[in-house]
Amino acid sequence: MDKNTETTAPKPAGIPMKDAPEAFREMAEKGTTQAKETYDKIDAATTEAADLIKNSYLKAVKGMQEYNNRIIEFAHANTNAAFDFVQKLSGVKSPSEFLELWTERARKQVETLTEQSKQLAALGQKVTRTTDEPLKTDVVNPFKWSTSHR
């Protein structure tokens, strides 16, 4: 081998050796910028989703309080009706009067319970709808950026 022959490392194609540190720095800066942008988008989406879930939870709690208050209201009305019935029973003087009073009470009780059940079902549906509707429509929105930036 000739001692005068210089051995040099092969140069990468396209980037002159003197510009390599600058190219690597630009690549690193670009990567850092993209990572920060992605982080900011994920952070914003996560915050928005957390707020959405929190608001949905608060609506559910409020709805359940309303539902429970309605049940207590119905229980109070039903208890008063039962006491009124017992009071009327104490004045019964014949078996036919007892049967008539009992039949009237049973009819009223079925009507009342049917109406109360309808009201509770409607209230339950309302609570469910107001709680889950924002989740159905808005929970996907914060993450739409991820599918449009692929």
Presence of salt bridge, [Y] and [X], under 4.0 angstrom:
X      : Y      : answer
Lys36  : Asp40  : yes
Lys41  : Glu37  : no
Arg107 : Glu104 : no

Output the distance between atom [atom1] ([X]) and atom [atom2] ([Y]), rounded to the nearest 0.5 Å.
X      : Y      : atom1 : atom2 : result
Leu89  : Asp84  : CG    : CG    : 11.0 Å
Ile53  : Leu58  : CD1   : CG    : 12.0 Å
Asn80  : His76  : CG    : NE2   : 4.0 Å
Asp43  : Thr47  : CG    : OG1   : 4.5 Å
Leu120 : Glu115 : CG    : CD    : 10.0 Å
Lys118 : Leu123 : NZ    : CG    : 16.0 Å

*Sort and list the pairs that fulfil salt bridge (charged side-chain N to carboxylate O under 4.0 Å, His left out) and have at least one residue in residues 55-69, not counting sequence neighbours.*
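Those involving residues 55-69 are Glu66-Lys126.
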Below 3.5 Å, can you tabulate the donor-acceptor pairs from side chains in residues 90-102 to any protein atom, sequence neighbours excluded?
| unit_1 | atom_1 | unit_2 | atom_2 | d |
| --- | --- | --- | --- | --- |
| Ser90 | OG | Gln87 | O | 2.5 |
| Ser94 | OG | Ser96 | OG | 3.2 |
| Ser94 | OG | Glu97 | N | 3.2 |
| Glu97 | OE1 | Lys93 | N | 3.2 |

*Whether Asn78 side chain and Phe74 backbone form a donor-acceptor pair below 3.5 Å*: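 Yes; at least one donor-acceptor contact below 3.5 Å.
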*Hey, is the main chain of Leu52 close enough, under 3.5 Å, to the side chain of Ser56 for a donor-acceptor pair?*
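Such a contact is absent between Ser56 side chain and Leu52 backbone.
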*Honestly curious: do Met64 and Tyr57 fall in one hydrophobic cluster under the side-chain, below-4.5 Å linking rule?*
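As far as the 4.5 Å side-chain criterion goes, Tyr57 and Met64 are not connected within one cluster.
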*Looking at Ala81 and Arg105, what are the two nearest heavy atoms and their distance?*
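Heavy-atom minimum between the residues: CB-NH1, 3.8 Å.
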*Is there a side-chain contact (heavy atoms from CB on, under 4.5 Å) between Leu113 and Gln116 once you walk through the steps?*
CA-CA 5 Å; Leu113 291 176; Gln116 289 172 346; 3.5 Å; yes
_Go through it in stages, so that I can follow the logic: the residues are Arg70 and Glu73, the test is side-chain contact (heavy atoms from CB on, under 4.5 Å), and I'd like the CA-CA distance, side-chain angles, deciding distance and then a yes or no._
CA-CA 5 Å; Arg70 188 69 57 93; Glu73 177 186 312; 4.1 Å; yes
*Step by step, work out the salt bridge (charged side-chain N to carboxylate O under 4.0 Å, His left out) result for Lys30 and Glu26.*
CA-CA 6 Å; Lys30 185 176 180 182; Glu26 287 175 10; over 6 Å; no
